[in-house]
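Okay, so here's the structure we're looking at.
For clarity, every value in this text was computed on a predicted model and none was experimentally measured.
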Amino acid sequence: MFRSLIAAVFLGASLAVASPLNGTYLGRGCGSHLSAEKVAEFEAHFAAHKVEQKVSTDAVSAAATVNIPVYFHVISKDSTTAGGNVPASQLSSQIDVLNSDYSGSGLTFSLAGTTRTVNSEWFNTVGPDTTAQTTMKNQASVLSLRTGGASTLNVYTVGFVSGSGAGLLGYSTFPSSYSGSPKDDGVVMLFSSVPGGSTANYNLGRTLTHEAGHWVGLYHTFQGGCSGSGDYVSDTPAESSSASGCPTGRDTCSSAGVDPIHNYMDYSYDSCMNQFTAGQITRLKSQMNTYRGVSL
């Protein structure tokens with residue numbers, strides 16, 4: 001369960017930060033948080049403008065997919081892999097993970113291009129609601145790094161060393177924020193959380209799966225805790241707080257169902273994550289139809 005979109009990335013948002021200790025992260029840190037008031041505001045907008053997914057009795061049409069082009073913008077402090085210069089092989093593997101995890105959603109992802117920029121300030125200090133991240137996305141010499149329109153996924157890999165981003169694994173914009181701030185649209189993620197990266201427990205590629213989940217309109221499974229509308233998806237059991245590791249039988253709310261620790265939108269280890277629910281897929285299709293012009 002999570003929150004939706006805002007014209008400027010996460011203004012006034014509180015961050016869920018996981019601090020690295022000797023290269024090991026104590027928990028999944030995602031900086032994509034908005035207040036309950038903002039969630040209500042954006043959900044009201046979504047309800048008023050919702051474009052439902054297509055309904056087709058044609059098996060071929062029903063099985064059709066929409067391709068999402070992905071541009072990786074590799075930001076490094078130097079030319080080494082340890083310094084953030086993610087190898088092309090790991091970026092390719094990340095696309096494979098996205099396609100596996102989003103199988104059945106109607107979305108496929110393809111690598112459309114890669115840029116590489118050596119900038120130690122951006123690598124170290126980029127975080128939600130910082131001038132560094134705005135400059136990074138909108139300026140590289142005289143060209144903007146961000147490429148494409150509302151249906152193009154731009155992914156920036158950085159180090160999250162200091163400032164508001166310190167210790168994060170990633171953060172993302174949401175679909176309905178695109179129209180108000182198109183150049184800000186996209187995902188920022190820790191470079192070493194790609195498949196084969198060096199971040200223990202978070203190096204199977206599920207950081208981008210999780211952050212792309214926000215980009216397609218999903219909230220965290222623990223959004224709103226045990227009360228209210230939660231993540232606005234009926235088939236994800238309510239959860240009072242984020243999970244860590246891969247706990248067995250965790251059940252933090254009295255409502256039916258144990259906590260959805262295996263869901264891509266929780267905070268579990270990469271190895272523990274393996275599912276989106278049918279309700280989440282229905283929601284992401286409608287969010288993509290409504291805000292990104294992707295007809296599913």
Side-chain angles (χ1 to χ4, degrees), residues 18 20-32 65 67-105 107-117 123 126 152-161 165 167-172 186-216 218 220 242-246 261-276 280 284:
L21 180 63
N22 297 324
T24 299
Y25 277 63
L26 304 180
R28 181 176 299 278
C30 172
S32 304
T65 59
N67 179 67
I68 301 298
V70 180
Y71 285 88
F72 281 107
H73 305 292
V74 177
I75 311 299
S76 61
K77 64 180 180 181
D78 56 42
S79 61
T80 67
T81 299
N85 192 22
V86 183
S89 59
Q90 290 183 331
L91 300 180
S92 179
S93 294
Q94 181 66 80
I95 294 293
D96 292 341
V97 170
L98 278 182
N99 282 318
S100 176
D101 293 348
Y102 281 83
S103 175
S105 71
L107 298 175
T108 61
F109 300 85
S110 62
L111 181 58
T114 303
T115 67
R116 295 182 182 273
T117 304
F123 178 82
V126 159
T152 301
L153 175 57
N154 282 253
V155 180
Y156 306 81
T157 61
V158 300
F160 290 134
V161 175
L168 292 180
L169 289 180
Y171 63 95
S172 176
V187 167
V188 183
M189 64 178 286
L190 181 67
F191 79 97
S192 54
S193 67
V194 297
S198 60
T199 302
N201 299 315
Y202 305 101
N203 58 358
L204 300 180
R206 268 48 190 270
T207 291
L208 186 52
T209 298
H210 177 99
E211 299 303 339
H214 297 319
W215 188 81
V216 300
L218 301 180
H220 290 135
S242 59
S244 180
C246 195
I261 64 160
H262 298 293
N263 198 280
Y264 294 122
M265 301 313 295
D266 205 344
Y267 273 14
S268 309
Y269 287 165
D270 277 17
S271 59
C272 192
M273 293 179 159
N274 59 24
Q275 62 182 233
F276 287 118
Q280 285 174 313
L284 75 82

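- Looking only at side-chain heavy atoms (C-beta outward), Val126 and Val188 come within less than 4.5 Å of each other.
- For the pair Gln275 (side chain) and Asn263 (backbone), a donor-acceptor distance under 3.5 Å is absent.
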**Request:** Would you sort out whether Phe191 and Phe123 count as a ring pair (Phe, Tyr, Trp, His ring centres under 6.0 Å), showing the intermediate values?
**Result:** CA-CA 9 Å; Phe191 79 97; Phe123 178 82; 5.4 Å; yes
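- Under a 3.5 Å cut-off, the side chain of Ser93 and the backbone N or O of Ser89 do form a donor-acceptor pair.
- With a 4.5 Å cut-off on side-chain heavy atoms, Leu98 and Leu208 count as touching.
- Checking Thr80 against Asn85 by side-chain atom types alone, no donor-acceptor pair falls below 3.5 Å.
- A donor-acceptor pair is defined here as one N or O able to donate and one able to accept, closer than 3.5 Å; no such pair exists between the side chain of Asp266 and the backbone of Ser268.
- Put simply, OG1 on Thr65 and CZ on Phe109 are 10.5 Å apart, with the number rounded to the nearest 0.5 Å.
- A distance of 9.0 Å separates CE in Met189 from CZ in Phe160, rounded to the nearest 0.5 Å.
- With rounding to the nearest 0.5 angstrom, the OG atom of Ser192 is 12.5 Å from the OH atom of Tyr202.
- Residues Gln94 and Pro195 come closest through the heavy atom pair OE1-CD, 3.4 Å.
- Here the OG1-CG distance, from Thr157 to Leu190, works out to 9.0 Å after rounding to the nearest 0.5 Å.
- Between His262 and Met273, the closest side-chain pair of non-hydrogen atoms is not below 4.5 Å.
- In terms of heavy-atom proximity, Ser76 sits nearest to Gly84 at CB-C, 3.5 Å.
- A 4.5 Å side-chain heavy-atom check between Pro87 and Thr81 finds at least one atom pair inside the cut-off.
- Distance check, rounded to the nearest 0.5 Å: CG of Leu218 to OG of Ser172 gives 10.5 Å.
- Test Val86, Leu153, Ile95, Val187 against Phe72 for side chain to side chain contact (heavy atoms under 4.5 Å, CB included) and you get one pass: Ile95.
- No side-chain heavy atom of Glu211 sits under 4.5 Å from any side-chain heavy atom of Leu169.
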**Item:** ring pair (Phe, Tyr, Trp, His ring centres under 6.0 Å) assessment of Phe276 paired with Tyr102
**Value:** CA-CA 8 Å; Phe276 287 118; Tyr102 281 83; 4.8 Å; yes
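- Under the 4.5 Å side-chain criterion, counting only non-hydrogen atoms from C-beta, Leu284 is in contact with Leu107.
- Panel note: side chain Ser103, backbone Ser100; no donor-acceptor pair is recorded below 3.5 Å.
- Residues forming a ring-ring contact (aromatic ring centres under 6.0 Å, His included) with Tyr156 (at least two apart in sequence, or on another chain): His73.
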**Message:** As a quick check of understanding, evaluate side chain to side chain contact (heavy atoms under 4.5 Å, CB included) for Cys30 and His210, giving each step before the final call.
**Reply:** CA-CA 9 Å; Cys30 172; His210 177 99; 3.6 Å; yes
**Asked** Would Asn201 and Ser271 count as a side chain to side chain contact (heavy atoms under 4.5 Å, CB included) if you check the C-alpha gap in whole Å, the side-chain angles of each, and the deciding distance to 0.1 Å?
**Response** CA-CA 7 Å; Asn201 299 315; Ser271 59; 6.0 Å; no
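- Without hydrogens or angle criteria, Asp270 side chain to Arg206 main chain gives a donor-acceptor distance under 3.5 Å.
- For the atom pair OG1 (Thr108) and CG (Asn67), the distance works out to 4.0 Å, reported to the nearest 0.5 Å.
- Using a 4.5 Å heavy-atom threshold, the side chains of Val155 and Val70 count as touching.
- Side chains of Asp101 and Thr209: a donor-acceptor N/O pair is present below 3.5 angstrom, by distance only.
- At a threshold of 4.5 Å between non-hydrogen side-chain atoms, the residues Ile261 and Cys272 count as touching.
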